Amino acid sequence: MEERDPVSWSVMIGGFVKNGDYERCFQTFRELIRGGSKPDNFSLPFVIKACRDTMGLIMGRLIHSTVLKNGLHLDNFVCSTLVDMYAKCGMIDNAKQLFDRMPKKDLVTRTVMIAGYAECGKPNESWVLFDQMRRDGFVPDKVAMVTIVNACAKLGAMNKARLVHDYVCARRYSLDVELGTAMIDMYAKCGSIDSSREIFDRMEQKNVISWSAMIGAYGYHGQGREALELFHMMLNSGIIPNRITFISLLYACSHAGLVDDGLQLFSLMSDVYGVRPDVKHYTCMVDLLGRAGRLDQALRLIENMEVEKDEGIWCAFLGACRIHKQVDLAEKAAKLLLSLQTQNPGHYILLSNIYANAGRWKDVAKIRNLMTKRRLKKIPGYTWIELDNIIYRFGAGDNSHLRSKEIYEMLKSLSQKLESAGYVPDTNSVLHDVDEEVKLGILHAHSEKLAIAFGLIATPDGIPIRITKNLRVCGDCHSFCKLVSEITQRDIIVRDANRFHHFKEGICSCGDYW
């Protein structure tokens, strides 16, 4: 072209972005600048999206400078894409500053900010913004509703989930594939697998993503048999499974101990459906075999796999070593894991816990010293409980709650009843080199127990107690929950870092296989 106007530049830059050719997108943008042309509110959003998709924060900041130089910092379209870029790159504070400075905040911008908070691990802020959006007179569209449903899933708060569902019904939104699938995931992560299935059954149209989401929901709740039954229903309906379907199925088999079914599905993937296993499928298989105690077979699978190994697969193997107390294999896995990801404190803690279980306290001290040298800190364990639309957080030994005195009195009363029922605290869950009396004190004030005690004093009899833990629930708290559900006749639903546990009348849905 002899002459290139702003539209032609924008079309070319946008074309590269849409095709994922980000390098040529940036090259073309540089040509535009060097040729003396001014970028506008069509070309700049495309380049900002390229920064977002490549997580290119440095380039993103440079483009932000270009926005300021060209006086486009008040343009809604440009600002919305900048907010999205900063949020996707994990710079949520920068995104919020931009959002607050925008003179006009339309529905799209607010939806982008809600999604940003959810993706950065701040779903509660997403909910606050959603409330503010409605108070300001904005009516959420389908895209906004899917965004807030996803935020609610991350929050794991059942009351919020029901409020969102009521709003969807009041606005008469149809349960299409996108919204319906998001709601399946939301209810599953809020602890109600029955509500997930109800949404699934009401959807008039379902694609492979919808079926996979429901299969994954069953797996997350330890209902492997139900996941397999649904898979056969999916095949009978003519839907062809994809890689996500098989990840959901293998995960479900792993958490239900269905080793033979998992091995059969792993073979079917490539032999029948032409789905080539990737590292996530192999990770599920290592987890499946490892949990079942077949560590040698899991290790052979890792050594013979044809795809590149990542930290996830070694982390799954290390977790299996912890379950079955295989210290030598754990050391081998940890060495490879730490060579791939040196700055993740969780890996050091996992190896430290394996040493502690084996009574190797000198090795525990070495790991903790190594963490100190590398300035790594253990992620603190917290438990959340939602009551009357307020989310309360508890840490171990927490005394900050206004009703702490009542909470500890309830715990004392529960401990006496549990001891009468035969409960013996599992001090092996305390991974510190201290005497038994100190271990009992630590166990008594675990965050899960505090949240459950609060739930018992703050809710009427018969109401299920739902809590969320950011780490894996320990063995002692698992036993505690089982007995408390029996003596109080309360259902207790626990969402931890790995899965859901449904405690009812002294039995857990995981069958103690977790």
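Everything numeric in this text was worked out from a predicted model, so none of it was measured.
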As an exercise, state the distance from CG of L338 to NE2 of H347, rounded to the nearest 0.5 Å. 7.0 Å
Per the ring-ring contact (aromatic ring centres under 6.0 Å, His included) rule, what does the pair list look like for residues 287-320, sequence neighbours excluded? none
Taking only residues two or more places apart in sequence, or in another chain, which ones meet R466 in a side chain to side chain contact (heavy atoms under 4.5 Å, CB included)? M158, R162, I493
Is there a donor-acceptor pair closer than 3.5 Å between any side-chain N or O of R499 and the backbone N or O of H255? yes
Do the side-chain N and O atoms of Q264 and D261 include a donor-acceptor pair separated by under 3.5 angstrom? no
Distance flag, aromatic centroids of F503 and H478, threshold under 6.0 Å: yes
Give the intermediate values and the outcome of side chain to side chain contact (heavy atoms under 4.5 Å, CB included) for residues T468 and D496. CA-CA 6 Å; T468 301; D496 73 3; over 6 Å; no
Begin from the C-alpha positions of N242 and T245 and carry the test side-chain hydrogen bond (donor to acceptor under 3.5 Å, both in side chains) through to its verdict. CA-CA 5 Å; N242 63 9; T245 313; 2.9 Å; yes
Of all heavy-atom pairs linking G312 and T283, the shortest is O-CG2, 3.7 Å
Would you say that more than 12 heavy atoms from the other residues, nucleotides or ligands in this model lie under 6.0 Å from the CG of L336, or not? yes
Step by step, would you call K49 with D53 a salt bridge (Lys or Arg N to Asp or Glu O under 4.0 Å)? CA-CA 6 Å; K49 285 177 183 176; D53 293 347; over 6 Å; no
Backbone N/O of A188 and side chain of S192: donor-acceptor pair under 3.5 Å: no
Can a donor-acceptor pair be found, under 3.5 Å and without considering hydrogens, that links the side chain of H324 to the backbone of G290? yes
Atom pair NZ (K377) and CE (M371), whose distance is rounded to the nearest 0.5 Å: 10.5 Å
Determine, step by step, whether Y348 and R374 satisfy the side-chain hydrogen bond (donor to acceptor under 3.5 Å, both in side chains) criterion, reporting the C-alpha distance in whole Å, the side-chain angles of both residues, the deciding distance to 0.1 Å, and the verdict. CA-CA 11 Å; Y348 295 86; R374 294 182 177 176; 2.4 Å; yes
Enumerate the side-chain hydrogen bond (donor to acceptor under 3.5 Å, both in side chains) contacts for residues 502-511, please, sequence neighbours excluded, ordered by first and then second residue. H221-H502
So I407 and H401, do their side chains get closer than 4.5 Å, heavy atoms only? yes
Indicate whether any N or O donor in one side chain lies under 3.5 Å from an N or O acceptor in the other, for S254 and D287. yes
Polar side-chain atom of N19 near backbone of D21 as donor-acceptor pair, under 3.5 Å: no
With sequence neighbours left out, the residues meeting salt bridge (charged side-chain N to carboxylate O under 4.0 Å, His left out) with E229 are none
For D271, all residues meeting side chain to side chain donor-acceptor pair (under 3.5 Å), sequence neighbours excluded: none
Do K189 and L155 have side chains that approach each other closer than 4.5 Å (heavy atoms only, starting at C-beta)? no
Sorted by chain and residue number, the side chain to side chain contact (heavy atoms under 4.5 Å, CB included) partners of K18 (sequence neighbours excluded) come out as F46
Considering the options F200, Y218, F246, F231, which one meets the ring-ring contact (aromatic ring centres under 6.0 Å, His included) requirement together with W211? F200
Test of understanding: with salt bridge (charged side-chain N to carboxylate O under 4.0 Å, His left out), list the residues that count as partners of E119, not counting sequence neighbours. K88
Is the count of non-hydrogen atoms from other residues, nucleotides or ligands lying under 6.0 Å from E178 atom CD greater than 12? no
Ion pair R197/D201, N-O distance below 4.0 Å: yes
Given 3.5 Å as the limit, does a donor-acceptor pair link the side chain of D310 with the main chain of I313, or not? yes
Rounded to the nearest 0.5 Å, the NZ atom of K96 sits from the CE atom of M91 at a distance of 15.5 Å
Of all residues at least two apart in sequence or in a different chain, which pass the salt bridge (charged side-chain N to carboxylate O under 4.0 Å, His left out) check with R360? E331, D363
Chi angles and distances behind the side chain to side chain contact (heavy atoms under 4.5 Å, CB included) call for V208, S212: CA-CA 6 Å; V208 66; S212 300; 4.0 Å; yes
Might you confirm whether atom CD of E23 has over 12 heavy atoms from other residues, nucleotides or ligands at distances under 6.0 Å? no
Flag side-chain contact, heavy atom, 4.5 Å: Y273 against L235: yes
Got a sec, which residues hit side chain to side chain donor-acceptor pair (under 3.5 Å) with D398, two or more places apart in sequence or on another chain? S400
Can you tell me how far NZ of K122 sits from CD1 of I114, rounded to the nearest 0.5 angstrom? 15.5 Å
List for me each residue that meets side chain to side chain donor-acceptor pair (under 3.5 Å) alongside T181, sequence neighbours excluded, and say none if there are none. S210
Which residues share a side chain to side chain donor-acceptor pair (under 3.5 Å) with W127, sequence neighbours left out: D131
Under 3.5 Å: donor-acceptor pair, side chain of K206, backbone of M203: yes
Using 0.5 Å steps for rounding, measure from the CG atom of N498 to the SG atom of C510. 11.5 Å
Might you work through the side chain to side chain contact (heavy atoms under 4.5 Å, CB included) test for C481 and V494, ending with a clear yes or no? CA-CA 9 Å; C481 290; V494 179; 4.3 Å; yes
Any sub-3.5 Å donor-acceptor pair from S196's side-chain atoms to I184's backbone N or O? yes
On the ring face of Y382, is K469 found with NZ or CZ under 6.0 Å from the centre and within 45° of the axis? no
Check the pair I48, Y86 against side chain to side chain contact (heavy atoms under 4.5 Å, CB included), reporting the backbone distance first and the verdict last. CA-CA 10 Å; I48 295 166; Y86 278 120; over 6 Å; no
Is the distance between the ring centroids of F454 and Y392 under 6.0 Å? yes
I want to check a possible cation-pi pair here: R24 against F16, using under 6.0 Å from ring centre and within 45° of the ring axis as the test. no
Ring pair (Phe, Tyr, Trp, His ring centres under 6.0 Å) partners of F266, counting only residues at least two apart: Y282
Tell me if the CD atom of E303 is crowded by more than 12 foreign heavy atoms within 6.0 Å. yes
